[in-house]
Amino acid sequence: MIKSLVLPCKALKFPLEKFEGRKQLRCKGPKMELTLTQPDDWHLHLRDGNLLEGVVSHSASHFGRAIVMPNLKPPVTTTAAAVAYRESILKVLPVNSNFTPLMTLYLTDKTSPEEIKRARRSDVVFAVKLYPAGATTNSQDGVTDLFGKCLPVLEEMAEQNMPLLVHGEVTDTNVDIFDREKVFIETILKPLVQRLPQLKVVMEHITTMDAVRFVESCKEGSVAATVTPQHLLLNRNSLFQGGLQPHNYCLPVLKREIHREAIVAAVTSGSKRFFLGTDSAPHERRRKECPCGCAGIYNAPVALSLYAKVFEDAGALDKLEAFTSFNGPDFYGLPRNTSKIKMTRTPWKVPESFSFSFGDIIPMFAGETLEWQPSFM
C-alpha cells in the first residue's frame with residue numbers, strides 16, 4: 001500500500017492496489033490528492049490580439065506546453081508567420097511562466113514541400129494542421145483537394161517526421177453533420193494512411209466510436225487522437241436542454257451518448273493512442289449568443305478538473321497521468337515534463353464568466369461546482 005495513505009478516504013472508487021508502490025496518491029480525511037507530471041495541451045486555440053492576452057494565462061497556469069492552432073485571420077501558413085505568432089504569445093505570458101507554445105502551420109492547397117523543410121529546421125513548428133475548407137472557424141482557406149493538391153507536401157512531411165493534425169470532417173452539405181467524421185474516415189483518412197503509412201497523423205478532437213475504432217486499428221505510434229473534455233462529458237442533448245445552449249456548441253458537434261461512452265472507454269483504458277487536447281476555443285459572449293453563433297467551447301480554466309472527473313467516474317485515476325502527461329510527448333518524440341502539479345479533490349465553483357475590456361468569455365460548466373482543483377507544487 002501507499003506509505004502516505006491516511007484513511008478514511010471516501011472519495012476512492014477504485015482498488016488501492018492499483019497504486020501499489022507509487023507515491024502518486026494521498027488521502028487526508030475526506031480529501032484526496034494526486035501528484036501528476038505536469039500535463040501538456042496538444043490542441044489549443046489562443047487567438048491573437050486582446051483575446052490572446054486575456055486567455056493565455058488560463059492555459060499557462062496548468063500546462064507546460066501546448067500545440068497552438070494556426071487558424072487566425074490571416075492563417076499562419078508559413079514558418080515566418082509561426083515564429084512571429086510565437087513571439088506574440090511569449091510577450092503576453094504571465095511573469096515567470098515556463099509555458100512553451102509549440103507552433104503549427106495551416107495547410108493550404110498552395111503549401112510547398114520547401115515550407116515543410118523550413119518548418120522542420122526552425123525548431124519552432126512541430127506539426128501541420130489540415131482543415132478541410134469550410135469545416136470550422138476560420139477554415140475558409142483550408143484544403144479543397146488533399147490528394148490532388150497536397151500529396152507532395154504530405155510526402156515531405158513524412159520524410160521530415162512532421163505530424164499531420166487532422167480536423168476529421170467532410171464538408172459536403174449533402175452529408176449529415178452528425179455523420180461527417182465517419183465519412184471523413186472512410187473517404188479521406190483511411191486512404192491517406194494506406195497511401196502514406198510512414199506519415200504520423202493525429203486525429204483531433206475525436207467524437208465517435210468510428211474514430212475510436214479507426215485509431216485503434218492503426219499501428220501504434222503512427223496514428224493517434226486528441227480528446228476534449230466536452231466530448232468526454234457531453235452528448236448532443238447538451239445542446240438543447242433547457243433551450244438552445246450556444247456555449248455547448250462546438251465543431252465537431254457533440255454526438256450521441258453511445259459515442260461519448262465509447263470515447264470514455266478508450267481514454268480510460270490505458271491506451272497510448274489517446275492523449276489530452278482541450279480544443280479550448282475562446283469567443284466573446286456576444287459572438288456566441290447571437291443569431292449565427294460561433295463554434296467553440298472555452299474550457300482552459302476547467303479542463304484538468306474535468307478530465308480528473310472522467311477518470312474518477314470510470315474508476316481509472318491510476319491511468320490519468322499517462323493520458324494527460326505521457327502519451328502526447330511520447331507520440332511527438334518530445335521529452336516528458338519534469339515539473340509536477342497537484343490535483344486536490346476539493347469542491348470549487350467555476351466563475352460565471354471572465355470579464356475583459358473587450359467583453360466576457362463564458363467558460364465550460366460556468367457557475368457549476370467541480371470536485372477537482374489543480375495547483376503547482
Side-chain angles (χ1 to χ4, degrees), residues 11-15 18-19 24-25 32 34 36 39-43 62 168-169 178-182 185 202-218 220 223-241 245 248-281 297 299-300 302-328 331 343 345 350 364-365 368-372 374:
L12 287 172
K13 297 183 180 180
F14 49 86
K18 286 187 176 184
F19 285 89
Q24 187 186 42
L25 174 74
M32 181 165 63
L34 287 169
L36 304 176
D40 300 304
D41 187 346
W42 298 96
H43 187 112
H62 295 158
E169 292 186 292
F178 293 102
D179 296 328
R180 290 179 183 179
E181 184 171 277
K182 179 180 180 180
I185 292 169
V202 180
M203 192 172 185
E204 302 286 4
H205 42 53
I206 61 170
T207 68
T208 61
M209 66 171 62
D210 307 278
V212 168
R213 290 169 179 168
F214 171 73
V215 172
E216 290 177 339
S217 73
C218 296
E220 186 176 290
V223 176
T226 57
V227 186
T228 74
Q230 54 264 29
H231 294 111
L232 288 168
L233 286 165
L234 306 178
N235 61 36
R236 65 186 190 179
N237 289 339
S238 302
L239 290 166
F240 309 110
Q241 288 173 333
Q245 301 297 323
N248 287 340
Y249 171 52
C250 59
L251 289 173
V253 71
L254 301 171
K255 302 299 195 299
R256 289 180 179 271
E257 175 65 8
I258 56 172
H259 295 295
R260 187 195 69 82
E261 291 174 348
I263 298 169
V264 169
V267 303
T268 60
S269 69
S271 172
K272 297 179 180 179
R273 304 169 190 267
F274 305 94
F275 43 86
L276 186 160
T278 65
D279 193 21
S280 184
I297 294 177
N299 60 40
V302 298
L304 289 181
S305 300
L306 296 179
Y307 285 123
K309 170 181 170 54
V310 170
F311 278 76
E312 182 185 23
D313 289 349
L317 277 175
D318 59 312
K319 298 181 175 66
L320 176 63
E321 186 176 36
F323 173 78
T324 62
S325 312
F326 297 160
N327 297 348
F331 182 86
M343 299 290 297
R345 199 178 192 281
V350 181
M364 186 177 177
F365 281 30
E368 299 190 30
T369 299
L370 302 182
E371 296 298 324
W372 288 92

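All values reported here derive from a predicted model rather than from experimental measurement. The first residue of the sequence shown is numbered 1, and numbering continues consecutively from there.
Put simply, the side chain of M364 reaches to within 4.5 Å of the side chain of L234, judged on heavy atoms. Proximity of L232 to V227: side-chain heavy atoms (C-beta onward) are separated by under 4.5 Å at one or more points. Within the 4.5 Å cutoff, no side-chain heavy atoms of P229 are placed close to those of V302. The shortest distance between side-chain heavy atoms of D313 and V264 does not fall below 4.5 Å. Taking 4.5 Å as the limit, every side-chain heavy atom of K182 sits out of range of all side-chain heavy atoms of T208. Residues V202 and W42 have side chains not in contact (no heavy-atom distance under 4.5 Å, counting atoms from C-beta outward). The shortest distance between side-chain heavy atoms of L304 and M343 falls below 4.5 Å. Within the 4.5 Å cutoff, no side-chain heavy atoms of C250 are placed close to those of D279.
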Would you sort out whether R260 and E257 count as a salt bridge (charged side-chain N to carboxylate O under 4.0 Å, His left out), showing the intermediate values? CA-CA 5 Å; R260 187 195 69 82; E257 175 65 8; 2.7 Å; yes
With side chain to side chain contact (heavy atoms under 4.5 Å, CB included) as the criterion, how do D210 and H259 come out once you've worked through the C-alpha distance, each side chain's angles and the decisive distance to 0.1 Å? CA-CA 8 Å; D210 307 278; H259 295 295; 3.8 Å; yes
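Note: H43 NE2 to T228 OG1 = 9.0 Å, rounded to the nearest 0.5 Å. Annotation: the span from T226 atom OG1 to L276 atom CG amounts to 9.0 Å, rounded to 0.5 Å. Taking NZ of K319 as the reference point, atom OG of S271 lies at 11.5 Å (rounded to 0.5 Å). Within the model, atoms CZ of F323 and CG of L36 stand 12.0 Å from one another, a figure rounded to the nearest 0.5 Å. M203 contributes atom CE, which lies 10.0 Å from atom SG of C218 (distance to the nearest 0.5 angstrom). With values rounded to the nearest 0.5 angstrom, L317 atom CG is found 5.0 Å from M32 atom CE.
The shortest heavy-atom contact between L251 and H205 is O-NE2, 4.5 Å.
With hydrogens and angles ignored, the 3.5 Å screen pairs no side-chain donor or acceptor of Q230 with any backbone N or O of I297. Remark: the backbone N or O of G270 is not paired with any side-chain donor or acceptor of K272 at under 3.5 angstrom.
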